[in-house]
Number of protein chains: 2
Amino acid sequence: MARTTGSDGEKTEAAVREAAVSLIARLGYEAMSMRQLAAEVGVQAAALYRYFPTKEDLLFTLMREHMEGLLEAWEAARPASVDPVDRLTAYVENHIAFHIGRRHATHVSNMELRSLSHERLTQILKMRTAYEKELRTILRDGAEVGVFQVDDTGLTAMALIQMMTGVIVWFRPGERLSIVEVTASYLSMTMRLVGATISHGTARPSGRARDAVAL
Amino acid sequence: MARTTGSDGEKTEAAVREAAVSLIARLGYEAMSMRQLAAEVGVQAAALYRYFPTKEDLLFTLMREHMEGLLEAWEAARPASVDPVDRLTAYVENHIAFHIGRRHATHVSNMELRSLSHERLTQILKMRTAYEKELRTILRDGAEVGVFQVDDTGLTAMALIQMMTGVIVWFRPGERLSIVEVTASYLSMTMRLVGATISHGTARPSGRARDAVAL
DNA sequence: GCAATAATAAAACGAACGTTCAATTAATTC
DNA sequence: GAATTAATTGAACGTTCGTTTTATTATTGC
């Protein structure tokens, strides 16, 4: 046999990407064979090579597009406000929404970095660093203005990102907690962690003692 | 050739374990071949099978002993005090010290779970759950006494563990920050995150408003 | 120093891997 | 409706994989 009735390159490629993200997330990149992936799509292994020249090209494409999507999502969500609290709130909400929505792809991007060539690894890490830098900037601005109490901006940024990204490890949609509840909790924990002060609430700052965000 | 001069089963097995942790952490379990591991030890691949019946047995042994070590370390570090702040402090300090000290093994135990059989996976997860439960208990006790402000014990425990374990991703000994500094920062962030109040300090609790830990 | 045992090497097993190639059929273009 | 292009199959390639078997040598116990 050869070309099958109803076959369509665009649809096949999309199916390959989707199946690859799911399979790599579940089995790991090394453990997933091209034949397994092909079977999931309903095609022979050779057909995959029409869309991706090598297995690593496939992995890299998935990772690059995921990171691009993350950066684009933040560009779109970034508020006009200069208030560090507003910006941190937007960052946390965007991060959690994006990662919960793309659990499998996030898993792949975080766990399979070692399977990339040196050059491609550098490319992905550059994007990741740019994304993390956004958070560091927010924390630094907030600390300078005095609205955050942070002793080390870099360390705090890493701790927050690890904490937030970790949500994909245990969170399952439709279980005990809703996305809204989880986001609210993480936002509350984040604000406490950075020692955010209530800058425009009902509480009046009195002397040296500042109240932590209550939430 | 056959048995080599100076060969010693105990030493070889220890060398295999050590090399395996390092190689699996660097390359991943699936990507590491038994021949590669054998070469690292300075032995032929067949010799490995004198110590571990299969590749998966090797992985499982490494993971189980790592988790046992973590639980034992906590048993030893757990304070006699009933004060939730003391207990949380001990938990954080033990967790960070243990994970920084065994970065590679932690990486293996966290990343390669999917390569275990169902039964063995369950066994490892049981140990992990027991360890996490210790933290949940501390948080719950602290919340009941009113010394912690936590809206969801389970969620907070997961967030804290993800945050603390994440230290192995970016921390490198001998760089900008020392272990002592990092531990102090994480302790401070943890106490703020759980809304810990100063229960025995110089500050006097006045009415409803409670001061957050300053650190 | 001789027998028993422990530790390894060397070679081979079948299976699975990523990938390539030629052939074949469906869809599209004119 | 013929020519062209797109999509896929089926078979094969050389490699590498985890593992087993057998033979060989070092060490240990008596």
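The figures here come from the full heavy-atom set of this structure, side chains too, leaving out hydrogens, waters and symmetry mates. We name chains A, B, ... by the order of the sequence lines, and we start the count at 1 in each one.
- Within the structure, no pair that satisfies the ring-ring contact (aromatic ring centres under 6.0 Å, His included) test touches residues 164-192 of chain B, not counting sequence neighbours.
- Between A/R50 atom CZ and C/dC21 atom P the separation is 15 Å, expressed in whole Å.
- For A/D86 and A/R78, the salt-bridge test fails: no basic side-chain N is under 4.0 Å from an acidic carboxylate O.
- Within the 4.0 Å cut-off from OP1 or OP2 of D/dT22, not a single side-chain nitrogen or oxygen of B/Y49 is found.
- Evaluation of the side chain to side chain contact (heavy atoms under 4.5 Å, CB included) rule for A/A19 yields A/L37, A/E40, A/V41 as partners, not counting sequence neighbours.
- At the heavy-atom level, A/Y51 lies under 4.0 Å from the strands shown only through sugar-phosphate atoms.
- Out of D/dT8, D/dG18, C/dG18, the shortest distance to the side chain of B/K55 is found at D/dG18.
- In this structure, NZ of A/K11 is placed 11 Å from P of C/dA27, rounded to the nearest angstrom.
- Neither OP1 nor OP2 of C/dA7 sits under 4.0 Å from any side-chain N or O of B/T12.
- Applying the side chain to side chain contact (heavy atoms under 4.5 Å, CB included) test to B/E93 and every residue at least two apart in sequence or in another chain returns B/T89, B/T183, B/L187.
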Give the table of side-chain donor-acceptor pairs shorter than 3.5 Å for residues 158-168 of chain A, with sequence neighbours excluded, one pair per line with atom names and distance.
{"unit_1": "A/T165", "atom_1": "OG1", "unit_2": "A/H95", "atom_2": "NE2", "d": "2.9"}
{"unit_1": "A/T165", "atom_1": "OG1", "unit_2": "A/I161", "atom_2": "O", "d": "2.8"}

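- Across B/D141, B/D83, B/I138, B/V147, a single residue satisfies side chain to side chain contact (heavy atoms under 4.5 Å, CB included) together with B/L88, and that is B/I138.
- With sequence neighbours excluded, the residues forming a side chain to side chain contact (heavy atoms under 4.5 Å, CB included) with B/L113 are B/M63, B/L116, B/L121, B/I124, B/L125, B/R128, listed by chain and number.
- Among D/dT19, D/dT21, C/dT19, the nucleotide with an atom closest to any side-chain atom of B/A46 is D/dT21.
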So which protein nitrogen or oxygen atoms get under 3.5 Å of nucleotides 1-3 of chain D's nitrogens or oxygens?
none

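- For B/L48 and C/dA7, the CG to C1' distance is 12 Å, given to the nearest whole Å.
- Contacts with DNA chain D (heavy atom under 4.0 Å) in residues 28-38 of chain A: A/R35, listed by number.
- Between A/T54 and C/dG18 there is no side-chain N or O to OP1 or OP2 distance below 4.0 Å.
- Separating the CD atom of A/Q44 from the C1' atom of C/dT20 is a distance of 15 Å, rounded to the nearest angstrom.
- Sorted by first and then second residue, the pairs that involve residues 52-76 of chain B and meet ring-ring contact (aromatic ring centres under 6.0 Å, His included), not counting sequence neighbours, are B/H66-B/F98, B/W74-B/Y91.
- Residues satisfying the side chain to side chain donor-acceptor pair (under 3.5 Å) criterion with B/T61, sequence neighbours excluded, are absent altogether.
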